[in-house]
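Some notes on the structure that comes next.
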Protein chains: 2
Amino acid sequence: MRQRTSSSAQALLGLLTIEPMSGYDLRQTIEASIGHMWNESYGQIYPNLRRLAAAGLVQRKTDAKKGKRDRHVYSITRKGRARLAEWLALPAQPEVPRNEMLLKLFFGAQVAPEVSIAHVERMAEQHRAVLDKFKRVEREEIDQHQQHPDAPFWRMAVRYGQMEMEIHLRWAEETLAGLRKLAKKKRGAGLRA
Amino acid sequence: MRQRTSSSAQALLGLLTIEPMSGYDLRQTIEASIGHMWNESYGQIYPNLRRLAAAGLVQRKTDAKKGKRDRHVYSITRKGRARLAEWLALPAQPEVPRNEMLLKLFFGAQVAPEVSIAHVERMAEQHRAVLDKFKRVEREEIDQHQQHPDAPFWRMAVRYGQMEMEIHLRWAEETLAGLRKLAKKKRGAGLRA
DNA sequence: GGGTGCATGTAATGGGTTACATGATTCT
DNA sequence: AGAATCATGTAACCCATTACATGCACCC
């Protein structure tokens with residue numbers, strides 16, 4: 001048997017320990033809270049929920065509201081909790097790095113410095129927005145649930161993201177300064193030529 | 001027609017601006033230099049080189065050494081350079097986050113604190129090794145080629161990795177302290193119970 | 001003789017996103 | 001009337017890793 005490398009199903013299982021949710025809710029929760037460390041699309045969520053239900057790791061209840069479309073709410077079973085705990089104990093496999101922005105900067109000598117500057121500026125803008133979101137999440141989602149047993153772990157995870165974004169922004173500043181110096185030098189050389 | 005979102009081919013094109021290389025060389029170079037920001041397996045490299053050659057973006061030369069197996073050395077063409085420059089100008093698409101270690105920490109309340117501690121320690125160990133590698137790369141690959149037009153960009157990219165690893169290590173320290181405190185508290189509660 | 005490194009490639013498999021299909025309700 | 005949001009799901013496609021196949025040279 002081949003080892004399953006995917007953690008999509010386990011991520012869903014984990015989220016369902018917080019509270020029972022529908023596929024739609026799961027997507028919403030991911031976007032709002034763990035979007036920066038984990039992503040999951042509907043095309044993964046729905047089939048996985050079906051499989052989890054078939055394996056008895058989650059239980060599906062159909063919430064029929066008159067007029068409205070049926071909602072399928074899933075809750076984790078004891079068996080599901082056990083499976084989750086097993087997976088949690090396994091060492092995490094490291095991410096495969098695929099940072100397109102860095103790669104483009106790496107080949108920056110092939111294009112005008114302005115191109116690289118634009119890449120770094122765009123990235124800084126995005127990361128500034130993400131940092132703001134983290135701060136909001138910490139205030140609104142975590143500080144609100146001080147007594148919740150999950151809260152300390154949520155805070156640690158968010159802190160990771162915050163620190164990372166802050167250092168990226170520092171790097172961006174440094175790098176932009178360097179790139180602008182390079183651009184000036186190049187313009188000077190161009191005029192002299 | 002559907003737009004190709006993959007940047008694998010362009011990454012190879014970029015590497016071939018440094019010098020002509022074989023598929024094997026490319027893999028080796030990736031591992032040694034840009035492995036932390038980009039990864040590419042043989043299963044991607046060889047088919048992509050074939051396609052690039054068919055499109056006239058690279059040129060293949062067979063290097064037949066007597067006795068030894070043939071080496072296929074690829075060099076980038078002017079057309080290839082033009083294509084690379086086009087791609088470099090395009091905004092980079094952000095990474096899809098999939099940090100399994102963070103995800104597991106996020107669900108840390110479901111398991112003993114020791115499990116989370118082990119995750120963070122393992123990660124710190126790995127990142128310490130990567131940081132060392134970055135420092136080595138900076139010394140051995142970049143400082144050696146001061147006058148190379150690519151050098152400033154290489155340095156910026158490596159610096160990104162260094163800063164990131166350093167901040168992760170700082171986070172790991174902080175987090176381990178927090179986790180150990182949690183573990184102690186939990187043991188205390190367990191004894192009282 | 002067997003392991004390791006150089007070297008090229010393909011096939012199987014799996015993982016994941018995007019686009020599509022459907023449809024009700026609510027807001028503008 | 002039409003856009004946005006809630007809501008569920010499937011199919012097509014693409015991307016990427018892994019395992020496998022092959023084979024020479026060199027060293028122990």
Side-chain angles (χ1 to χ4, degrees), chain A residues 1-12 20-32 35 37-54 58 60-74 87 93-100 103, chain B residues 1-12 20-32 35 37-54 58 60-74 87 93-100 103:
Chain A
M1 188 163 57
R2 203 146 305 210
Q3 82 207 52
R4 312 199 121 271
T5 55
S6 170
S7 311
S8 293
Q10 280 85 352
L12 299 177
M21 281 186 261
S22 68
Y24 190 83
D25 295 338
L26 282 163
R27 183 80 242 283
Q28 250 49 33
T29 304
I30 287 167
E31 247 178 45
M37 60 174 123
W38 202 261
N39 193 44
E40 221 60 77
S41 59
Y42 287 126
Q44 281 286 93
I45 293 173
Y46 286 113
N48 264 311
L49 284 174
R50 174 175 287 269
R51 266 173 251 145
L52 286 169
V58 300
R60 167 175 164 166
K61 266 183 200 151
T62 301
D63 191 358
K65 288 213 180 108
K66 66 259 163 179
K68 278 215 179 179
R69 194 180 184 173
D70 281 3
R71 253 172 69 85
H72 300 153
V73 178
Y74 296 84
W87 173 77
Q93 34 198 115
E95 273 183 287
V96 211
R98 245 144 196 265
N99 189 329
E100 195 179 308
L103 186 67
Chain B
M1 187 162 59
R2 203 148 302 211
Q3 83 206 52
R4 311 197 123 271
T5 55
S6 169
S7 311
S8 293
Q10 279 85 355
L12 299 178
M21 280 187 263
S22 70
Y24 190 82
D25 295 337
L26 282 163
R27 183 80 242 282
Q28 251 48 33
T29 305
I30 287 167
E31 247 178 44
M37 59 175 122
W38 201 263
N39 194 43
E40 219 63 77
S41 59
Y42 286 127
Q44 280 287 92
I45 292 173
Y46 286 113
N48 264 311
L49 283 174
R50 174 176 286 271
R51 266 173 251 145
L52 286 169
V58 301
R60 166 174 165 167
K61 265 182 200 150
T62 302
D63 192 358
K65 287 207 182 115
K66 67 257 165 181
K68 278 215 178 177
R69 192 181 186 172
D70 282 3
R71 252 172 69 86
H72 299 153
V73 178
Y74 295 83
W87 173 77
Q93 33 199 114
E95 274 183 284
V96 211
R98 244 143 197 267
N99 189 330
E100 195 180 307
L103 186 67

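No hydrogens, no waters, no symmetry mates; every other heavy atom, side chains included, goes into these values. Residue numbers start from 1 in every chain, and the chains themselves are labelled A, B, ... in the order their sequence lines are given, proteins ahead of strands.
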Return the value, rounded to whole Å, for the distance between atom [atom1] of [X] and atom [atom2] of [N].
X	N	atom1	atom2	result
B:Asn39	D:dA16	CG	P	10 Å
B:His72	C:dG9	NE2	C1'	10 Å
B:Gln44	D:dA19	CD	P	16 Å
B:Tyr42	C:dT10	OH	C1'	15 Å
A:Arg50	D:dA7	CZ	C1'	15 Å
B:Glu95	C:dG16	CD	P	15 Å

In terms of side-chain heavy atoms of [X], which of [options] is nearest?
X	options	result
B:Arg71	D:dG9, C:dA7, C:dT17	C:dA7
A:Tyr24	C:dA7, D:dT5, C:dT17	D:dT5
A:Arg98	C:dT10, C:dT8, D:dA16	D:dA16

Side-chain N or O of [X] closer than 4.0 Å to phosphate OP1/OP2 of [N]:
X	N	result
B:Ser6	D:dC14	no
B:Ser8	D:dC15	no
A:Ser41	C:dT18	no
B:Asn48	D:dC15	no
A:Tyr46	D:dT8	yes

- [ ] Scan B:Arg27 against the nucleic acid and name what it touches under 4.0 Å (heavy atoms): base, sugar-phosphate only, or nothing.
- [x]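 The residue B:Arg27 makes no contact with any strand.
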TODO: Remember a base hit wins even if backbone is also touched, and classify B:Gly23 as base, sugar-phosphate or nothing at under 4.0 Å, heavy atoms.
DONE: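 Touches sugar-phosphate only.
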Task: Atom pair CG/CD of B:Leu12 and B:Glu40 - distance to nearest 0.5 Å - done: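 Going from the CG atom of B:Leu12 to the CD atom of B:Glu40 covers 5.5 Å.
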TODO: Measure from the side-chain N and O atoms of B:Arg27 to the backbone N and O of B:Ser41, and report whether any donor-acceptor pair falls under 3.5 Å.
DONE: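 Such a contact is absent between B:Arg27 side chain and B:Ser41 backbone.
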Open item on the list: Regarding B:Arg98 and A:Ser8, do their side chains bring together a donor and an acceptor under 3.5 Å, going by distance alone?
Closed with: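 Yes, because at least one side-chain N or O of B:Arg98 sits under 3.5 Å from a partner of the opposite role on A:Ser8.
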TODO: Show the numbers, then the answer: is there a side chain to side chain contact (heavy atoms under 4.5 Å, CB included) between B:Arg71 and B:Asp25?
DONE: CA-CA 10 Å; B:Arg71 252 172 69 86; B:Asp25 295 337; 3.0 Å; yes
Open item on the list: Is the ring pair A:Tyr74/A:His72 parallel, tilted or perpendicular, if the boundaries are 30 and 60 degrees?
Closed with: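 It falls in the perpendicular class, over 60°.
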